[in-house]
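Proteins come first, then strands; the chains are lettered A, B, ... in the order of their sequence lines, and each starts at number 1. Values below: every heavy atom of this structure, side chains too, minus hydrogens, waters and symmetry copies. Remember, it's a predicted structure, so these values are computed and weren't measured experimentally.
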Number of protein chains: 2
Amino acid sequence: MPTIPIDQIRDTSQAPDISCEPQSIEPRLDTETAGRLAAALKALSHPVRLQMMDILSRGERQVCVCDIEQYFELTQPTISHHLKVLRESGLIEAEQKGLWVYYYVRPTILAEIKELLSGFGG
Amino acid sequence: MPTIPIDQIRDTSQAPDISCEPQSIEPRLDTETAGRLAAALKALSHPVRLQMMDILSRGERQVCVCDIEQYFELTQPTISHHLKVLRESGLIEAEQKGLWVYYYVRPTILAEIKELLSGFGG
DNA sequence: CAACTATATAGATAAATATCAATATAGCGC
DNA sequence: GCGCTATATTGATATTTATCTATATAGTTG
């Protein structure tokens with residue numbers, strides 16, 4: 001009695017012997033960097049957060065949350081959530097002055113992403 | 001009888017009359033562009049897909065799926081899924097030759113993203 | 001301290017995503 | 001057409017995410 005089902009045995013009698021001429025490619029993006037930059041890109045990958053980055057980068061100084069809110073038809077907790085995502089990714093930073101919190105862009109990771117994309121041919 | 005519950009009526013008798021000196025900021029990123037570029041960024045925002053972009057951009061020619069697979073410990077359908085996400089976002093394109101499918105980078109949207117990030121101060 | 005403000009957090013829920021196993025599609029060689 | 005190959009699609013499931021309502025935190029004013 002066969003212990004291996006007949007349909008799991010490969011019949012290679014007619015297997016073609018051609019291949020796709022493999023290239024040997026040396027990746028330059030290691031797993032750690034890929035994970036780190038993918039996390040920053042994920043923070044950027046939402047229309048509201050992109051527009052927040054735009055607003056922050058266009059302000060002449062740090063921008064108050066109460067100003068940011070004006071541009072979106074979203075509840076205050078949702079605004080707060082998006083700002084937190086951006087801040088935790090390192091793309092922006094916050095400074096509290098009394099009751100108000102002011103946000104501003106941190107350019108470091110943005111520059112890293114731009115360099116990565118340049119390497120992709122963009 | 002009051003129709004509005006008492007705890008919803010604001011007592012403004014002690015409201016401070018200061019504000020945070022609002023800036024008027026002119027956003028330059030419209031909603032349509034934000035949505036389009038956010039979608040492309042989302043496609044990029046996964047470590048595996050970033051590494052795929054790296055591999056495709058480092059190949060001397062278009063890269064066969066069977067070559068791409070070698071770099072990841074993922075099943076073939078998962079590889080196929082990630083390539084599809086990248087292709088549907090416009091970041092890469094595919095060409096079939098016989099049994100094999102070859103992928104390559106499309107630089108247009110990458111360049112658009114880079115320009116956006118430059119505007120953010122990256 | 002009491003009333004108020006600006007912002008953040010918690011909790012709930014609906015929608016999107018990553019992955020796998022199983023299956024389908026379609027090209028090639030005999 | 002048959003048997004094989006490379007790639008794509010389907011379907012299931014676990015995880016993550018975006019949004020809201022409700023509540024908490026903490027600074028300010030009087």
Checklist line | Listed nucleotide nearest any side-chain atom of A/C66, set C/dA18, D/dA26, C/dT7 | finding: C/dT7
Notebook entry, point to check: Where the side chain of B/C64 is concerned, which of D/dA18, C/dT9, D/dT7 is the nearest nucleotide?
Noted result: D/dT7
Next item on the list: Using modelled atom types only, decide if a donor and an acceptor are shared between the side chain of A/D67 and the backbone of B/Q23 within a distance under 3.5 Å.
Entry: yes
Notebook entry, point to check: What is the distance, rounded to the nearest whole Å, between atom CD of A/Q62 and atom P of C/dT7?
Noted result: 13 Å
Note to self: Measure CD1/B/I68 against C1'/D/dA6 and give the value in whole Å, please.
What the structure shows: 13 Å
Check: Quick one: is B/R49 getting a side-chain N or O under 4.0 Å of the C/dA18 phosphate, OP1 or OP2?
Finding: yes
Margin query: Mind checking if B/H81 touches a base, just sugar-phosphate, or nothing, with heavy atoms under 4.0 Å?
Written below: base
Check: Between B/S80 and B/P77, is there a donor-acceptor pair closer than 3.5 Å when you use the side chain of the first and the backbone of the second?
Finding: no
Next item on the list: Check every atom of C/dA6, D/dT7, C/dA18 against the side chain of A/W100 and return the nucleotide holding the closest atom.
Entry: C/dA6
Checklist line | Donor-acceptor contact present, side-chain A/Y71 to main-chain B/P27, <3.5 Å | finding: no
Next item on the list: Look at all strands and tell whether A/Y102 reaches a base, only sugar-phosphate, or nothing, counting heavy atoms closer than 4.0 Å.
Entry: nothing
Check: So how far is it from B/K114 NZ to A/E115 CD, rounded to the nearest 0.5 Å?
Finding: 10.0 Å
Next item on the list: Return the value, rounded to whole Å, for the distance between atom CG of A/L86 and atom C1' of C/dA8.
Entry: 16 Å
Check: B/T75 side chain N/O closer than 4.0 Å to the phosphate oxygens (OP1, OP2) of C/dC20?
Finding: yes
Margin query: Less than 4.0 angstrom between a side-chain N/O of A/T78 and OP1 or OP2 of D/dA18, yes or no?
Written below: no
Check: With respect to the side chain of B/L99, which nucleotide from D/dT7, D/dT5, C/dA21 is positioned closest?
Finding: D/dT5
Check: With nearest nucleotides of DNA chain C determined for B/Q76 and A/Q76 from heavy-atom distances, which residue corresponds to the more 5′ nucleotide?
Finding: A/Q76
Next item on the list: Choose from C/dA22, D/dT21, C/dT9 the nucleotide whose nearest atom is closest to any side-chain atom of B/P77.
Entry: C/dA22
Notebook entry, point to check: Just how far, in rounded Å, is P of D/dT15 from NE2 of B/H46?
Noted result: 15 Å
Note to self: Any side-chain N or O of B/Y103 below 4.0 angstrom from OP1/OP2 of D/dA6?
What the structure shows: no
Checklist line | Nearest-nucleotide pick for A/K42, side chain only, options being D/dT16, C/dC20, C/dA18 | finding: D/dT16
Next item on the list: Return no unless some side-chain N or O of B/H82 is found under 4.0 Å from OP1 or OP2 of C/dT19.
Entry: yes
Item checked: Joint hydrophobic cluster, B/V65 plus B/I55, side-chain heavy atoms closer than 4.5 Å -> yes
Checklist line | Most 5' of A/V48 and B/A94 on DNA chain D, judged by nearest nucleotide | finding: B/A94
Note to self: Can you measure B/K84 atom NZ to C/dT19 atom P for me and round it to whole angstrom units?
What the structure shows: 16 Å
Item checked: Length of the CD-C1' vector between A/E95 and C/dT7, whole Å -> 16 Å
Notebook entry, point to check: Any donor and acceptor pair, going by atom type alone, linking the side chain of B/R49 with main-chain N or O of B/A43 inside 3.5 Å?
Noted result: yes
Note to self: Over all strands shown, is B/F72 touching base, sugar-phosphate only, or nothing at heavy-atom distances under 4.0 angstrom?
What the structure shows: nothing
Check: When the distance from CD of A/E73 to P of D/dC20 is rounded to whole Å, what number comes out?
Finding: 10 Å
Checklist line | For atom CD1 of A/I79 and atom C1' of D/dA18, their distance in whole Å | finding: 12 Å
